[in-house]
Amino acid sequence: MLPVGAALLALATALAGCGTGEPGRPPSPDELPSASINAVDRALLADGGTLRWGINEFPTQWNPHHAAGNLGTVDTVLRGLLPAPFSTDSEGQAHPDPDYVTDVEVDTEPRQVVTLTLNPEARWSTGDPVTWRDYASMAEALSGADPDYQVLGTVGYDRIERVRAGEDEYQVVITFAEPFADYRSLFSPLLPEEYTESPEAFNEGYLDAIPATAGPFETGEIDRTAQSVTLRRDGDWWGDPAKLDRIVFRSLAPDALDAAFLDGGIDLYALPVDSGSYERVRDASDGEIRTALAPDYRHITLNGQSPVLDDVDVRHAVFLGIDRSALAESAFSSVDWPPSVVGNRFLMPNQPGYADNSGEWGEYDPERAARLLEEAGWTAGEDGGVRTRDGEPLRLRFVVPQGFAPARSEAELVQAMLGEIGFDVEIEGVPGDQLFGNYVLPGNYDLVAFVNSGSGFPVSEFLYQWSDAVAGPDGEPQWRSNVGRIGSDRIDEALAAALEPRDDGAAAERINEADRLLWEAGHTLPLYQRPQLFAVRGTLANAGAPGFGTLDYADIGYTAES
């Protein structure tokens, strides 16, 4: 899931580095590049320098596979620190990363077996080699067999029957009990055996710390007071050495990110959908805005455990009472980006297999919404106003990050729309760095809007965002990363079927079936696709908007003339 957590199109002058569009207007979606990172051969880059990278949240849990580590910032920071057997190109195709995996073999009969040949030079920062034992321990930890592991999800790992050594300790043989098409998404990133061999190590080892790494950078300092994380070039890295001396991630409020970029305090950050931010940032004389088409979309999540929203008819009334086209038009009012809504949670319109599955629940129909509320027992007073049931008002808390004007404006539009059909929507501003940890993840909200950042694995990487609850150690339901707390056996069955090896057409059919069931369940209201947008120093190379791809942090650097 991604939660979490920022995009606007820039004018032609700011998009000069993208090479798209005609003078005087931004590019249309079909003109956007698959990536915009100012790609430069690393041999032409200067050695050294510091990249100051702006982020909008500061995690406490740095284990990306822990239920509390499901934040975009965690992924952003760890990509330069931890191994992943596969990397993804800008088209969403996964390939083995030779720094970690030198060969891959896949057998499908009589059952699926994936053999990874590891790079024997790969070492953890502890000095220990990266071996099959790290893979085996992590597969066991994430299998779901031991509920004391507070895992984000078990997708794929729950289908693994066994992980063993092959010819030597640098060959991993993974045998699946059930077919799993997205095997390339597993072990990304990989954790060392030391931090997966027990629930205590898994749950607490990366709490407020990143103790073991195996990447082109190593952990320098985590400063909770300054809300910054410093990475420094790892001198023991076996691959091409990082071009930068260090990367410093700084957590700032949205408006402070703009100011920091303009005054030189940061060199790179994801730009939000905010015409104010765009207007401010485009004036930076040494900056540019890099944009790429990505599988990212904004949505409104409804908390199915809310006393008001536990009724599917009320959730559908919310769907019908919100004019999604109006929200899209407002979001892109100052730029030439088509304000079209999306009808799918897994695939975007530019992806093969996309279908609009919204059916009867995707249209703006306040009259029908009002009828659903009446049938659910929420009656309007003689003079209209807020509906009531058994003396209780029809009230919802819409949680938004403080200091983020677009989110506040969006919530006010929703407040007005739902107010017309009898909802009392209270907008509550909360600290941005606490939005997910203190509100979204624990279910302390009724409505919340954020962006899903997609990937080349639209089901497996986000399955638990949509999956039903499981029983926890105390018998209470655990929703893992399903912050909407809405699920069913039928949805789970459709999601599971989409994970099996099939041709693209059959896989898309299964994905769309799962999405149709989510519309019927009233789980999350998709709004609109948004481009990926980053404000970047013009001299920074191999960084920016990677689209479906992953950045190679070792190759990020400044052009030699700078």
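Keep in mind it's a predicted model, so treat the numbers as computed, not measured.
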Under 3.5 Å donor-acceptor, S488 side chain and I491 backbone: yes
Worked verdict on T175 versus E161 for side-chain hydrogen bond (donor to acceptor under 3.5 Å, both in side chains): CA-CA 6 Å; T175 302; E161 178 180 279; 5.5 Å; no
V74, D75, L81 screened by side-chain contact (heavy atoms from CB on, under 4.5 Å) with V77, the one that passes: L81
is_close_aromatic(F202, Y149), centroid dist under 6.0 Å: yes
Nearest-0.5 Å distance that lies between atom OG in S460 and atom OH in Y183: 12.5 Å
Heavy-atom donor-acceptor pair, Q532 side chain to T291 backbone, under 3.5 Å: no
Heavy-atom side-chain contact between T115 and V104 under 4.5 Å: no
Q465 vs N452, side-chain hydrogen bond (donor to acceptor under 3.5 Å, both in side chains): CA-CA, chis, key distance, verdict: CA-CA 10 Å; Q465 183 173 348; N452 261 28; 3.2 Å; yes
Main-chain N/O of E109 paired to D107 side chain as donor or acceptor, under 3.5 Å: no
Centroid separation F249 to W53 less than 6.0 Å: yes
Distance, nearest 0.5 Å, that separates OH of Y135 from CG of L190: 5.0 Å
Atom of L347, atom of P352 and distance for their closest heavy-atom approach: CD1-O, 3.9 Å
From CG (L518) to CD (E513), nearest 0.5 Å: 10.0 Å
Steps toward side-chain hydrogen bond (donor to acceptor under 3.5 Å, both in side chains) verdict (D446, S306): CA-CA 6 Å; D446 293 321; S306 159; 2.8 Å; yes
Interatomic distance, F187 atom CZ to D134 atom CG [nearest 0.5 angstrom]: 10.5 Å
S143 (side chain) donor-acceptor with Y157 (main chain) under 3.5 angstrom: no
Heavy-atom side-chain proximity of N344 to N512 below 4.5 angstrom: yes
Note, M138 side chain near H65 side chain (heavy atom, < 4.5 Å): yes
Salt-bridge criterion met for R315 and D311 (N-O under 4.0 Å): no
E375 (side chain) donor-acceptor with L372 (main chain) under 3.5 angstrom: no
L441 versus R485, closest heavy-atom pair with distance: O-NH2, 2.8 Å
Spatial distance of atom CZ (F457) from atom CG (L499) [nearest 0.5 Å]: 12.0 Å
Y464 and W479 aromatic centres sub-6.0 Å: no
Mutual orientation of the aromatic rings belonging to H299 and Y297 [parallel < 30°, tilted 30-60°, perpendicular > 60°]: tilted
Note, T196 side chain near E140 side chain (heavy atom, < 4.5 Å): no
Smallest separation among heavy atoms of L302 and I486, with atom names: O-CD1, 3.9 Å
Chi angles and distances behind the side-chain contact (heavy atoms from CB on, under 4.5 Å) call for D552, D97: CA-CA 10 Å; D552 186 338; D97 186 334; over 6 Å; no
Residue that, paired with P366, satisfies side-chain contact (heavy atoms from CB on, under 4.5 Å) out of D323, I421, L418: I421
Distance-minimising heavy-atom pair for G80 and P216: O-CD, 3.5 Å
Between H95 and F86, ring centroids under 6.0 Å: no
Ring centroid separation Y195 to Y206 under 6.0 Å: yes
Test log, rule side-chain contact (heavy atoms from CB on, under 4.5 Å), inputs L533 and I289: CA-CA 7 Å; L533 184 74; I289 299 173; 2.6 Å; yes
Pairwise salt bridge (Lys or Arg N to Asp or Glu O under 4.0 Å) hits with a residue in residues 345-364, at least two apart: R345-D515, E360-R368
Considering all heavy atoms, the nearest A369-L320 contact: CB-CB, 3.8 Å
Trace of the side-chain contact (heavy atoms from CB on, under 4.5 Å) decision for V314 with F423: CA-CA 10 Å; V314 177; F423 282 93; 4.0 Å; yes
Derivation and outcome, side-chain contact (heavy atoms from CB on, under 4.5 Å), residues V101 and T117: CA-CA 6 Å; V101 174; T117 301; 5.8 Å; no
Whether D182 side chain and S185 backbone form a donor-acceptor pair below 3.5 Å: no
Side chain to side chain, E57 and L71, heavy atoms closer than 4.5 Å: yes
Aromatic centroids of F398 and Y445 separated by under 6.0 Å: no
Minimum-distance pair of heavy atoms, taken over all atoms of S34 and A292: O-CB, 3.9 Å
Minimum side-chain heavy-atom gap N119-P98 below 4.5 Å: no
R111 (side chain) donor-acceptor with E178 (main chain) under 3.5 angstrom: no
Close aromatic pair by centroid cut-off 6.0 Å: F332 and Y528: yes
Side-chain heavy atoms of L551 within contact of I37, under 4.5 Å: yes
Reported CG-to-CD distance for the pair L413 and E329, which is rounded to 0.5 angstrom: 10.5 Å
Passing option when L525 is tested against L327, V341, T301, I322 for side-chain contact (heavy atoms from CB on, under 4.5 Å): I322
Enclosure of E520 CD (heavy-atom neighbours >12, cutoff 6.0 Å): yes
Side-chain heavy-atom pair N542, N38 within 4.5 angstrom cut-off: no
Check: T76 side chain, G72 main-chain N or O, donor-acceptor pair, under 3.5 Å: yes
Flag, side chain of Q112 to backbone of F180, donor-acceptor distance under 3.5 Å: yes
